Amino acid sequence: MLGKLKLATASLAGCFGCHMSFLDIDERILELVDVVEFDRTPLTDIKTVGECDVGLIEGGVANEENVEVLRDFRRHCKVLVALGACAVNGGIPAMRNQFELEDCLRESYVDGIGVANPGIPNDPEIPLLLNKVHPIHEVEKIDYFLPGCPPSADTIWTFLTELIEGRPVSFPYTQIHYD
């Protein structure tokens with residue numbers, strides 16, 4: 001590898017667990033810092049993505065802002081990675097797909113238990129929800145898929161180190177076997 005690989009991450013509709021799993025690489029993050037320059041990530045608090053080698057995206061696509069972020073990453077990242085179940089197949093956020101969006105909003109903001117001030121929010125600061133939650137490959141071309149909820153720190157480490165070293169990405173069975 002010539003120079004440092006530039007890496008960016010984003011979390012769309014999900015729980016942020018994949019980013020936490022990324023941080024679970026623990027002391028190895030210091031090894032990563034030697035070969036990776038972090039762009040937009042929670043580690044840097046950079047809000048926009050610059051030109052990057054790799055973009056790790058966790059979460060499904062549930063609203064207009066998610067679409068914009070994902071498309072921005074596709075424009076700026078040479079390699080785009082679906083990180084975790086929500087990015088790969090919609091995960092928990094996609095459970096709402098069996099219901100109409102209006103029914104979900106009414107249950108949450110009007111008819112739900114404990115609702116004190118009924119009313120569906122309608123504020124331009126709140127991103128417009130899509131009718132369905134989509135896995136990210138339904139919106140943009142994805143180069144790699146790392147399944148898991150979340151993928152283990154070791155799986156993320158294996159993926160990144162093999163990609164950085166220019167080797168074909170290959171996982172030991174224990175890293176991709178889910179009971």
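This one's a predicted model, so the numbers in the text were calculated from it and none came from an experiment.
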Chemist: Quick check for you: to the nearest 0.5 Å, what is the distance between Thr158 atom OG1 and Ile25 atom CD1?
Modeler: 10.5 Å
Chemist: About how many Å separate SG of Cys15 and CD1 of Ile92, when rounded to the nearest 0.5 Å?
Modeler: 8.5 Å
Chemist: Nearest 0.5 Å, please: how far is OG1 in Thr174 from CG in Asp154?
Modeler: 8.0 Å
Chemist: Would you say Met95 and Leu129 are hydrophobically clustered, going by side-chain heavy atoms of ILVMFWY under 4.5 Å?
Modeler: no
Chemist: Quick one, Ile120 and Val110 - any side-chain contact, counting heavy atoms below 4.5 Å?
Modeler: yes
Chemist: Does Leu105 belong to the same Ile/Leu/Val/Met/Phe/Trp/Tyr cluster as Val115, with side-chain heavy atoms less than 4.5 Å apart forming each link?
Modeler: no
Chemist: Check whether Leu101 and Leu128 end up in the same hydrophobic cluster, where Ile, Leu, Val, Met, Phe, Trp and Tyr are linked by side-chain heavy atoms less than 4.5 Å apart.
Modeler: no
Chemist: Taking all non-hydrogen atoms of both residues, which atom of Asp39 and which atom of Gly50 are closest, and how far apart?
Modeler: OD2-N, 2.8 Å
Chemist: Check Glu162 against Ser170 and note the closest heavy-atom contact, atom names and distance.
Modeler: OE1-N, 2.6 Å
Chemist: Are any of the side-chain nitrogens in Asp143 or Lys141 under 4.0 Å away from the carboxylate oxygens of its partner?
Modeler: yes
Chemist: Have a look at Asp53 and tell me which of Lys4, Lys78, Lys6 forms a side-chain hydrogen bond (donor to acceptor under 3.5 Å, both in side chains) with it.
Modeler: Lys78
Chemist: Between Cys18 and Ile156, which heavy-atom pair has the shortest distance, and what is it?
Modeler: O-CD1, 4.1 Å
Chemist: Tell me whether the count of non-hydrogen atoms from other residues, nucleotides or ligands lying under 6.0 Å of CG in Asp26 goes above 12.
Modeler: yes
Chemist: Locate the shortest heavy-atom distance separating Ile46 from Arg40; write the atom from each residue and the value.
Modeler: O-CG, 3.1 Å
Chemist: If I take atom CZ from residue Arg75 and atom CG from residue Asp72, how far apart are they, to the nearest 0.5 angstrom?
Modeler: 4.5 Å
Chemist: I'd like to know if Asp103 and Arg96 make a salt bridge, using a cut-off of under 4.0 Å between side-chain N and carboxylate O.
Modeler: no
Chemist: Could you check whether any side-chain heavy atom of Glu31 comes within less than 4.5 Å of a side-chain heavy atom of Trp157, counting everything from C-beta outward?
Modeler: yes
Chemist: Does Lys132 offer a backbone N or O that forms a donor-acceptor pair with the side chain of Asn97 under 3.5 Å?
Modeler: no
Chemist: Okay, side chain of Thr9, backbone of Leu56: is any donor-acceptor separation there less than 3.5 Å?
Modeler: no
Chemist: Nearest heavy-atom pair of Gly14 and Cys86: which atoms, and what distance?
Modeler: CA-SG, 4.3 Å
Chemist: Rounded to the nearest 0.5 Å, what separates atom CZ in Phe38 from atom CG in Leu43?
Modeler: 5.5 Å
Chemist: Excluding sequence neighbours, so at least two apart, what forms side-chain contact (heavy atoms from CB on, under 4.5 Å) with Ser11?
Modeler: Phe16, His19, Glu58
Chemist: Taking atom CG as the centre, does Asp123 end up with more than 12 heavy-atom neighbours from other residues, nucleotides or ligands that are less than 6.0 angstrom away?
Modeler: yes
Chemist: Are any side-chain N or O atoms of Arg106 and backbone N or O atoms of Tyr109, one a donor and one an acceptor, separated by less than 3.5 Å?
Modeler: no
Chemist: Shortest non-hydrogen contact from His134 to Glu138?
Modeler: ND1-OE1, 2.8 Å
Chemist: Could you walk me through whether Leu32 and Ile164 satisfy the side chain to side chain contact (heavy atoms under 4.5 Å, CB included) test, starting with their C-alpha distance in whole Å, then the side-chain angles of each, then the deciding distance to 0.1 Å, before giving a yes or no?
Modeler: CA-CA 10 Å; Leu32 202 54; Ile164 290 165; 3.9 Å; yes
Chemist: Within this structure, what is the CG-CZ distance for the pair Leu7 and Phe22, rounded to the nearest 0.5 Å?
Modeler: 5.5 Å
Chemist: Output the rest of the hydrophobic cluster of Phe145: all Ile, Leu, Val, Met, Phe, Trp and Tyr residues reachable through side-chain heavy-atom contacts under 4.5 Å, sorted by chain and number.
Modeler: Leu12, Val49, Ile57, Val61, Val67, Val69, Leu70, Phe73, Leu80, Val88, Leu130, Ile136, Val139, Ile142
Chemist: For the backbone of Ala8 and the side chain of Thr41, can you confirm whether one donor and one acceptor N or O come within less than 3.5 Å of each other?
Modeler: no
